[in-house]
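Notes follow once the structure below has been shown.
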Amino acid sequence: MNRSAVVRVSFIGLAAALLIAGGIVMTHASMVATPVGVDAIKPFRVHFPDEALADLKRRVAATRWPDKEIVPDQSQGVQLATVQKLARYWATDYNWRKVEATLNALPQFTTEIDGVDIHFIHVRSKLPNALPVIVTHGWPGSIIEQLKIIDPLTNPTAHGGNASDAFDVVIPSLPGYGFSGKPAGTGWDPIRVARAWIVLMKRLGYTRYVAQGGDWGNAVTEQMALLAPPELIGIHTNMPATVPPGIDAAALAGAPAPAGLSTEEQHAYDQLAYFYKHGLGYANEMANRPQTLYGIADSPVGLAAWMLDHDARSLALITRVFDGQSEGLTRDDVLDNVTLYWLTNTAVSSARLYWESKLPFFAPKGIAIPAAVSAFPEELYQAPRSWTEKAYPRLIYYNRLEKGGHFAAWEQPALFTTELRAAFRSLRAKTSATAAK
């Protein structure tokens with residue numbers, strides 16, 4: 001949230017204070033004085049005015065459509081029929097207020113770290129000895145990705161788990177994304193975000209915790225591991241960085257696969273080469289010219305199409321969703337995420353992370369702390385065990401799954417929850433240190 005845009009209204013003796021910024025209402029509902037100063041953690045609620053939602057529907061209805069693609073497949077991009085089905089549902093039946101209610105039923109907060117207001121969900125388990133985990137989303141994701149895993153992680157006995165599987169869950173919004181502030185200067189790369197997350201977990205009082213991420217969330221999580229705060233005892237990733245340099249260079253160049261690859265390695269190479277050839281357009285544009293993307297800040301349908309075209313497998317899944325097929329995602333899931341970007345006007349501010357980062361996506365980083373990997377088959381590439389063991393010398397868990405893609409927690413929450421429980425079980429056994437309650 002842009003602090004300069006926040007209007008502060010306080011009433012001594014009242015139970016609530018309202019902060020209004022860009023149509024977002026943040027409610028402080030504590031009956032006691034809210035802490036002040038740089039370390040203050042402030043309760044947060046979200047409510048956009050009816051006018052903002054009506055404007056969104058008007059813009060969707062007024063979309064000027066391009067001609068239909070001239071090929072029978074998705075090789076030219078998101079097909080017109082898919083986006084028109086999305087737009088019809090968005091403008092008529094979609095209800096943003098449902099996701100507001102879901103978010104506002106969760107404990108949400110903001111706190112200023114390194115000059116930026118960081119928004120986060122923080123749900124403490126009611127079970128004893130819960131292991132704290134900080135879960136980081138990526139692009140074009142948001143906190144919407146992780147909503148389905150919160151209750152299974154914090155309340156495992158209600159979801160087929162044991163009390164000993166319980167987690168405290170912290171889910172922050174990346175700077176420039178969602179309800180977090182938009183950095184006013186440069187330098188907010190994954191390394192700086194990782195430093196902020198370390199501050200956040202310390203500010204919450206946690207003396208032992210683990211971290212999880214995919215996409216940019218993996219980059220942030222791995223950088224936390226490299227910074228090696230003593231409180232961080234292990235990480236889990238569903239988009240691991242494991243590709244050996246020579247193999248990565250060959251895939252990027254579109255060269256034939258190097259000789260001697262195993263079946264798993266050959267499959268990963270083919271996936272990676274396909275992504276480099278067909279899937280990097282959005283990343284290249286955001287890495288080089290994020291400010292040029294005025295169109296997706298002005299057109300909700302343009303924003304939706306841009307976000308849907310992240311990777312071929314996710315796009316195919318979402319296309320099936322809008323064709324009426326039953327998938328891990330629903331139409332509402334997809335539009336909850338896009339609408340969050342639209343209402344918070346974060347299309348361009350979120351894109352700047354690609355401009356800021358100089359980290360290679362898939363190169364091993366030399367992670368020295370315990371690491372766990374879940375290799376989903378429809379990820380950008382399914383990391384082979386052989387590459388994973390070299391990339392993470394202290395690999396404590398590896399599983400090659402048969403279902404799930406890039407947005408694993410969102411698409412396959414039950415599988416994802418099971419993976420996190422299994423991934424960190426050995427660390428729970430090694431330490432009785434837990435979060436400060």
Side-chain angles (χ1 to χ4, degrees), residues 59-60 63-90 137-142 144-145 177 214-217 239 252 271-323 325 327-342 346-355 357 361-362 376 378-381 404-408 410-411:
R59 288 171 180 262
V60 172
T63 299
R64 185 172 74 166
W65 296 102
D67 297 335
K68 183 179 183 294
E69 64 279 353
I70 56 175
V71 293
D73 53 30
Q74 296 176 340
S75 60
Q76 291 188 338
V78 187
Q79 292 171 296
L80 181 64
T82 298
V83 184
Q84 288 184 328
K85 290 172 186 175
L86 178 152
R88 281 194 295 271
Y89 183 74
W90 207 0
H137 66 83
W139 186 96
S142 68
I144 298 296
E145 279 185 72
Y177 288 67
D215 197 90
W216 282 121
M239 198 188 87
L252 183 60
Q271 289 179 306
L272 191 62
Y274 181 90
F275 177 70
Y276 278 153
K277 183 176 181 179
H278 300 286
L280 271 178
Y282 72 90
N284 289 335
E285 180 65 18
M286 292 193 290
N288 286 286
R289 311 288 285 179
Q291 192 64 32
T292 300
L293 297 170
Y294 294 95
I296 63 173
D298 183 63
S299 166
V301 166
L303 174 64
W306 184 259
M307 293 172 66
L308 262 58
D309 205 14
H310 175 270
D311 68 277
R313 297 172 188 86
S314 297
L315 174 57
L317 183 152
I318 292 169
T319 299
R320 294 193 297 272
V321 168
F322 282 96
D323 283 340
Q325 298 184 36
E327 294 282 355
L329 299 180
T330 67
R331 293 180 298 179
D332 283 352
D333 285 334
V334 175
L335 286 172
D336 289 345
N337 190 50
V338 179
T339 304
L340 176 62
Y341 273 74
W342 175 260
T346 48
V348 171
S349 60
S350 63
R352 293 189 186 118
L353 184 54
Y354 286 82
W355 186 89
S357 180
F361 281 113
F362 305 124
F376 287 87
E378 295 191 341
E379 182 52 88
L380 303 183
Y381 77 98
H406 185 72
F407 303 98
W410 204 24
E411 300 167 15

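Values below: all heavy atoms of this structure, side chains included; hydrogens, waters and symmetry mates excluded. Here, residue 1 is the first one in the sequence, and each next residue gets the next number.
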- request: Tell me whether the centres of the aromatic rings in Phe376 and His406 are closer together than 6.0 Å.
  value: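 Between Phe376 and His406, the centre distance exceeds or equals 6.0 Å.
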Point-to-point distance, once rounded to the nearest 0.5 Å, from CG of Leu380 to OH of Tyr274: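 So the gap between those two atoms works out to 12.0 Å.
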message: Once rounded to the nearest 0.5 Å, what's the spacing between atom CD of Glu411 and atom CD1 of Ile318?
response: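 The CD1 atom of Ile318 is 8.0 Å from CD of Glu411, to the nearest 0.5 Å.
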Is the ring pair [X]/[Y] parallel, tilted or perpendicular, if the boundaries are 30 and 60 degrees?
X	Y	value
Tyr276	Phe362	tilted
Phe407	Trp410	perpendicular
Tyr354	Trp216	perpendicular
Tyr282	His310	tilted

- request: Find out whether Trp65 and Val83 are in side-chain contact, i.e. whether some heavy atom of one side chain is under 4.5 Å from a heavy atom of the other.
  value: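 A side-chain contact under 4.5 Å exists here.
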More than 12 heavy atoms of other groups within 6.0 Å of Arg289 CZ: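 No, not enclosed.
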Taking the side chain from [X] and the backbone from [Y], do they hold a donor-acceptor pair closer than 3.5 Å?
X	Y	result
Asp73	Ser75	yes
Ser350	Ala347	yes
Asn337	Pro140	yes

- request: Under the side chain to side chain donor-acceptor pair (under 3.5 Å) rule, what do Gln84 and Thr63 come out as? Steps first, then yes or no, please.
  value: CA-CA 10 Å; Gln84 288 184 328; Thr63 299; over 6 Å; no
